[in-house]
Amino acid sequence: MRSILRSLLFNSRKNVKANVNKIVSVLNDITKERLIVQGTILHGHLIKTGISSQKHIAVKLLIMYLKSRKPKEIGQMLKEFDGFNLVVHNCLITANLEWGKMDEARRLFDEMPERNEVSWTAIISGFLRFGRVDEAICYFERNPFQNLFSWTATISGLVQNGLSFKAMKLFVEMLQSGVIPNNVTFTSVMRACGELSDFYLGTCVLGLIVKVGFEHDLSVSNSLITFNLRLNDVVSARRIFDRMQCRDVVSWTAILDMYVQMGDLAEARRVFDEMPERNEVSWSTMISRYSQNGDAEEAVNLFHRMVQQGYKPNKSCFASVVSALASLEALITGRIVHGQILKIGIERDAFIGSSLVDLYCKCGSSKDGRVAFDSILEKNVVCWNSMVSGYSLNNQLEEAKELFDKIPQKNNISWNSLITGYLEYEKFDEVFEVFSDMLLSGEQPSKSTFSSVICACASLASLERGKNLHGKVIKLGFHSDVFVDTALLDMYAKSGNVESSKKIFKRMPKRNEISWTAMIQGLAENGFAEEALAVFEEFEWTKSITPNELILLAVLFACSHCGLVDKGLHYFNSMEKVYHMQPNARHYTCVVDMLSRSGRLSEAEKFILDMPCEPEVQAWAALLSGCKTYRNERMAVRVAEKISELAEKHPEGYVLLSNVYASAGRWLDVLHTRKEMKEKGLKKSGGCSWIEVRNQLHSFYSQDGSHSESTEIYEVLELLRSEMQLI
DNA sequence: TTAGGGTTAG
């Protein structure tokens, strides 16, 4: 394009005059790429050569200024158009549509003294672009120039509005009226067949395409690829691609996306690297897919490469890369990219805004997130949801609820975002309350909703409620979802119903590392530690998932609880050697607990002292507990001293300390420890047990009379006791 | 007048 521009600028006056068509094409490109500086230079040159008032060129210049919103130049140009008002009117209508001023465009149209086929097509496609389908159809029916263009514009507009069936009906009417479709019509109609997932209809249209002679057309072939992909016919899509005489960036991007959707990111990357030509969309596809597939780092790398190679990222690209940065919690890079977004001036876009909200909230700054949210011009439900989950993430649950109540049109994710917030911060009553409000509002709970609510049941070991939800899950057919199944198996395991838990685990069609961890932990916690280790061995056989820190913690826990000390030590040592992961303080605590439980106290003490990281107070507590069981008072004193150093912040250390003194009969020390705790204002959250009766949770704390009906409860207990004595 | 790409929850 630039070379054409240069040749035009330096060509003689005669040559320029001979090249009106070429100039029109250059002006089209300038307008498309928003190169207003070059456009103004060219305009100056055209004035000098006296060609600027040529009708076709003047119209293109006007459109260029209209699209760049240059009011001064627009006014100047309009003065030159006394002779051909109709064309100017059409340009103004198009420009107003571009600016989102549909009603202004309609006013201009209605006031026109005469209209041509361009005016009618422009206003019809305008209505369709703004989703005003009924008005579009009304104007289409009134249109005296029902030509190929207006048929095609209406059909494609209907498809874009998701009304593919209506579009197909109109296509049939078009054929009946004798108008022959062109490549654009076929492209839209093929898309409609794809949206309807109608193979038969697609085949009929394909026959027509061949008959009319468009089967080798570039855009028609591209739409045929997409049609086949839509129907999951990967082989046909690839065949069409391979047989194409010429391919453009759209064809390559479609085939690239095919591999991405098949989950073959490596092949997609190969296609991407081999593509002869790339544009922002191809980059955008690759970036977004990496981001969606959890490889945020690669998404960001590609973004940097794209910028380095001189491509200008568009809205989609920015939205994807900001989303990737959000999952990496990369605040600094995020702020730099935000700066670029502000420079281009697209921060008010709903897609960009939502991902910015997400970025700041995931980095812990809901304040910045709120600023980004407030600046979005037309907020859609995703923007609202991002902000609600942003508040939820940052434990600002009141703000989350307040904003949630203001969402104009909530969807499933709005409810889920709020529920997740309450779940994360253990507000279980609110989880159930919002869930019940959701059902009352008529919103269908999704798999995600169930997995969260069942998780709440697991935390409360609320078996009855959990069973009830399990029933609903089966009814709705959500029981083969990996998240729902994992939540269910965890709920059963935490409620002590290991058999049901195992049943679900065995039936799961797909498992992730959380499912395996929940099963291993569940078995270990319920006393089936050897079975837990057998499940871990089975996990190792699968080889499809690499073990993570949590799963090894569950394994160590299992070993510790069935006295398999050497096996436990073996797993602990293989963490670095075999699995290449650094054990953290919790793994060390687990090993200390394991050694202390089996009486290997000196080994445990040495293990703590040799630790490369700061031991948790729980590690010392585990050792102290071992000292108590195996009556090693000398070590207990040493450990107790260590704990009392750490106990400032950890009240559970003091409690343990006083228990050790109590078991040794050192009552003065007990009193002293308790007094110290009281003086320092430390309070250990009291132990609590609970029972669920008819969906109502009854909690009992260690002090008497904590339950509202405790007098009656004790009376019944007394009655039972006396009856038992009678027997 | 067309074909390929985007943001949020588990």
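Only heavy atoms go into these numbers, but all of them, side chains included; no hydrogens, no water, no symmetry mates. Residue numbering restarts at 1 for every chain, and letters A, B, ... go by the order of the sequence lines. This structure is a prediction, so every number in the text was calculated from the model and none was measured.
If you check every strand for non-hydrogen atoms under 4.0 Å, Q160(A) touches sugar and phosphate atoms only. Using a 4.0 Å heavy-atom distance criterion, V249(A) is classed as a base contact. Here S284(A) lies in heavy-atom contact (under 4.0 Å) with a base. Residue-level contact check: D248(A) touches the bases, meaning some heavy atom is under 4.0 Å from a base atom. At a threshold of 4.0 angstrom between heavy atoms, the contacts of D349(A) include nucleobase atoms, whether or not backbone atoms are also involved. Among the protein residues, A350(A) comes within range of the nucleic acid bases, having at least one heavy atom under 4.0 Å from a base atom.
Between the side chains of R305(A) and Y311(A), no donor N or O sits under 3.5 Å from an acceptor N or O. For the residue pair N416(A) / S446(A), a side-chain donor-acceptor distance below 3.5 Å is found, with atom types taken as modelled.
Contacts with DNA chain B (heavy atom under 4.0 Å) in residues 285-299 of chain A: T285(A), S288(A), R289(A), Q292(A), listed by number.
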### Task
Let me see the working for R230(A) and E195(A) under salt bridge (charged side-chain N to carboxylate O under 4.0 Å, His left out), right down to the final yes or no.
CA-CA 8 Å; R230(A) 189 74 205 238; E195(A) 307 259 307; 3.5 Å; yes
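In the set dA9(B), dT2(B), dG4(B), the nucleotide with an atom closest to the side chain of A254(A) is dG4(B). Distance from the side chain of N385(A) is smallest for dT8(B) among the nucleotides dG4(B), dT7(B), dT8(B). You'll find that the side chain of D257(A) is closest to dG4(B), out of dG4(B), dT2(B), dT8(B). For S320(A), the listed nucleotide lying nearest its side chain is dG6(B); candidates were dG4(B), dG6(B), dT2(B). Listed candidates were dA9(B), dG6(B), dT7(B). Nearest to the side chain of K315(A) is dG6(B). When each of dT2(B), dG4(B), dG6(B) is scored by its nearest atom to the side-chain atoms of V184(A), the top-ranked nucleotide is dT2(B).
Salt-bridge check for D257(A) with R289(A): passed, with a basic side-chain N closer than 4.0 Å to an acidic carboxylate O.
Between the side chain of S219(A) and the base of dT2(B) there is at least one donor-acceptor pair of N/O atoms closer than 3.5 Å.
Proximity of a side-chain donor or acceptor of R278(A) to a complementary backbone N or O of F272(A) within less than 3.5 Å is detected. Looking at D248(A), its side chain does come within 3.5 Å of a backbone N or O of S251(A) through a donor-acceptor pair. Between the S389(A) side chain and the N385(A) main chain, a donor and an acceptor come within less than 3.5 Å of each other.
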